[in-house]
Amino acid sequence: MNWTPAVIVLAACIAIALIRVGRGPTTPDRIVGLDTVNTLVVTALVILGAAFRQPVYVDVAIVYALLSFVTTLFIARLIEKGKF
Amino acid sequence: MSQLVLNAPFVAVAALTCVACYIIMTQKNLIKIVMGVVILQGAVNLFLVTLGYRIGGVAPIYTETSGTLMVLPVPQALTLTNIVIGVSTTALMLALIVLIYRHTGETDAEKSRRMKG
Amino acid sequence: MSKIVRTIAQAVMPFVFLFGIYLIIHGHLSPGGGFQGGAVVASGIALLFVSFGFKYVSTFLREDTLSAIESSGALLFIGLAFAGIATTFFANFLLGSPVFGSIPVTGPGVGDIWSGGTIPLMNIGVGMKVSAGLSAIIFSMMLIASKKRGGEQ
Amino acid sequence: MPVLTFWAPIVLIIAFVIVLVVTLLYRSRGQAKFKEGTEQGEVFYSGENVPEELQRHVRSHNMYWGFFEAMKRYYDPTVRAHTGIVNDYLIWLLGLTALAGVVIIVADLL
Amino acid sequence: MDALTLHSPILAVAIPLLAAFATPLIGRLSSRARDVFVIAALASMLFVVILLARDVYEVGIRIYTLGALSPSQAIPENHMVPVRLVFEVDGLGALMAIITAVVALAGTIYSIVSIKPETGQNRFYALLLLLVVGIMGIQLTGDMFNLFVFLEILSISGAALAAFRTRFVDAVEGGFKYLMVSTVGALLFLLAIGIFYGQYNALNIAAIASAMQYTVLDQVALALILAAFLMKSGAVPSHWWVPDTYTPAPAGTSPIMYASSLACLAATFRMLFSLYGVQMSLATVGWIVIIAGVLSMFVGVTMALRQTDIKRLMVYHVISQEGYMLLGVGVGLAVLSNPEALAAYGREAIAGGLFHVINNAFFKGLLLLTAEALFFRLGTRDLNQMGGMGRTMKWTCAFFLIGALAISGVPPFNGFASKLMIYESTYLFNPVLTIIALIVSVMTLASFTKVFQSAFTGPALPQYKEVREVPMSMKLGMGLLAAATVFISLFPAFVVDTIIYPAADALLDRSGYISAVMGGG
Amino acid sequence: MLNIITYILIGIGLFFNLMAGIGLLRFPDFYTRLHAGTKCTTFGSIFLIGAVVLQAIAAWHAGGWEAFDSTIVFRGLIALAAILITNPTGAHAITRAGYRSGVKPIHAVVDELEGANPDG
Amino acid sequence: MAELPALNVIVPLLIVVSAILVARYKDLIAAVIALAAMSLLLSLQFYLLHAPDVALAEAGIGAAITTAIFVIAIHSTRRT
């Protein structure tokens, strides 16, 4: 199996999402870009784990998926102007 | 080719260091300066990990693969320590910034200073 | 935050903690260890804070408890280091004992969880320290933030 | 060759004590005219009116005034350099690093 | 006792570390027990340090390998380089460890009463002990990365301590500046460590020193290390954080934080002499150090003369006195490759610089404590509002006089002895430096005359009628440092022969430092 | 055969991810971008991780159902589950926050959530 | 198969781009978002360099906790 092209396309998608992070006129736009980056990176991590033939690497992807959620929630909370 | 590729992270380290130095020298917002320090930490971490990388090596963990080439474990340990130290310094800096803001109502480096001369 | 987030957070929370604890006690065999597992546990606490709000969480999570856990973790770590002082500081005195086995070699039988001597115990100490410490950091910052809001009103 | 062979504080202290004893002996032979509470204890201020006791204390802000005036050309830039802004501190640090690097490398090349 | 001596290098670090984490737990039970515990921990640390120092002076360089089969086994079997953490104690390490232990004990005794009004005392003591751990570790470790970790421990706990009284805005600001500058400096140092590791594949200082080639990368690393450590010790081109940070630091921690500056200075010397040594272009680096020293002396003292805040004035003298040490050691460094000049005056210059380190740690700490004592009773640091305190605070006045006379180099005191050594040796090197040093000494005396005149003499001010002498424990803390000062003043030759010359020789003996770890040589 | 199926899965996954990228770049306002950015990537990740899991199952089967590849199957599934749980919730939180912070849909005339229950 | 030359170039490039984004923004929230993206990509780069331990720590600490602390600090100060 050759996984490399898949990861490279994913990296291109990440780059596009970063453009949205950079350009986004409003803050929610940027958060959407960040969230997209998160999901894509988790996918890339899983694929890379398979590509390296190192199953234990996939732990990183799990942690990543769980913790990027926390990041998103925090920033959403911030722009919501709610109390902590 | 592979040599060139190995150098790409080092180039990134140099670029990140320049960006971080630019931020901490020119930006007046205190929180922004802390972001510069975080970027500098990231640059140093990347530098250390890249130093330990060997082409074709795998992570220094004993799993099923035995006898294969491994990347150097020591720089990774150093990087881990630096990450943990970095988060504590960042937290302390931000807490102090919040306190400065509550005393002076400013997060600007020029307007919030009280001591000089 | 909204009810949806709270429900999901409640569902995800035990999983996050479980994963953090897995990283801590399995850290000498796979990626992970005290630092990383502690950070994951602390992120779970952060999730708790952000989804339920500081006021609710601070009714059952106290800073005293956190700092006590932190100190005990550090004491466990240093105590293990002192326990090896018959040979040298930090000596792996459990190595070769019946419970903790010998140095892991590559080949069959690796992945045995009791194969690191004092390392898993030290990971537990570090995990307690890091998770409680980072939670205490977030707790204190939240305390400052919520106080400021209260002062303005 | 160590300096401290001839630097012996004990000797100096003994000499100091001897001088002190001699002085006290000489002082005890003087006249006991001085009385407290009389005009002898008043402050003499070149014939001017003596200010009140609290005003007589020279505040530290006024000390060495002439020195600072004379050194104004040194003090103005030095004090102004100490801005108290974090950025400036960091610029100095990074600049010092760069300067030291340049000096060390160039000196090794020459 | 033998076992204690054997394990003393690590115990000197491990005892305060253990105490730092046990303190919050004990403090939950009773605050008095916590005070006793902290003092006992520091006293036992002092005892261990004395054992260690005696052993070092009798036997020679001590190494201690963590986690090995025996403490002296630095290089494991089948290895060429040391892979474990190694603690390496030579004369300089022992000297600095003694200084740290004494100053930490005095500062903590002083703190017991003076910190009572604050909240969060458990945290205060934990941070204080962590600061001591950082200082101790920097002196004793023989490993680059371990040095970095201890440096960060020192920075974080120091910044937290400086900002401890968060109700004062200047305290928070000072802590923030300190943390920011030292974090960036430590990252520069870590970059240098990365360069070394990439080149020599080792982290041990002795192992790197034995392989040192002085390539261009090594020169870059030298610049990074020099800038980072000179900044941390407060030499002039980047001294700005020193007055801002030390001025609002709480009472009792000031001498310990000053000891941390001295520790960074000693680490600079360690890097310059033991790591690079004769490999580098000595004249250049020596002159860099000398110029930094001269600038520090002059700028520090002229700025101090101008201050009206009593503690800020004394803190500027911290910079100024550090200039003397840099001057002395820099002269020694500049002639390191010239054996005749080294024997004639180089060794003595280094010894003078190191003697000034120990003297300053005691009398400068004493002066900082007296300034804090005035602040404790009067509630102000402004010299303009003080006056006549010599009548009511007699003990403080006496301690201040001892410290002020010693720092100005008035003959019977130890400041004179160490300055004399520096003058004599620098005069043979370059007379201009000696003249500048003499002028600076005169200005030091002038600035302390100003403090004495405006704080202690003059009429008794009515607003301070109720002021009493400071409590017993504060007097005890100051008394300990004053006693140390007086002791060194009375027996300078004894101190110099016993402690200072071994430290200077340890700096000069680079091959001994290397062979202690690498074996053979 | 197996590889072909895997490539098809990867192709579908990458197609959706690219769609997500293009949508993120080209759509006019925040709500539509969010639509592209979160839905499409979640769907794409299902296929991509599914491909990985399929390959791993095949390798596991080839190794006699006891090989080390079993871990990659379960860990991949756990990662997928984590994405599937957290991503929609995150999207919900972002939308809510965006709406609360005053971002209005472009071309919108009627705001049905005007005055709705804030804790709904 | 363990070598991914193209990725080893693209990902550092993206890291630098997000760092420049951090430098560009005056709005702190935008800067924090870019910083979080940089942290995440740094984690990916560590993973590519076969350092899963470091990637784990960077994901847990650098991405989640650092961002959380930054967000709380910005929340209790001002935004620009």
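Within every chain, numbering begins at 1; the chains are lettered A, B, ... in the order of the sequence lines, protein sequences first and strands thereafter.
The contact between G:A73 and chain C is made by backbone and side chain atoms together, counting heavy-atom distances below 4.5 Å. Interface remark: G:A64 contributes side-chain atoms only to the contact with chain C (heavy atom separation under 4.5 Å). With a 4.5 angstrom heavy-atom cutoff, C:L23 touches chain G only via side-chain atoms.
In this structure, CD on G:E58 lies 11.5 Å from CD on C:Q36, to the nearest 0.5 angstrom. Considering CG of C:L134 and CD1 of G:I69, their distance stands at 7.0 Å, rounded to 0.5 Å. Between atom CD1 of residue G:I61 and atom CZ of residue C:F35 there is a gap of 8.0 Å, rounded to the nearest 0.5 Å. In this structure, OG on C:S140 lies 9.5 Å from CD1 on G:I72, to the nearest 0.5 angstrom.
Nearest heavy-atom pair across G:I65 and C:A39 is CD1-O, 3.8 Å.
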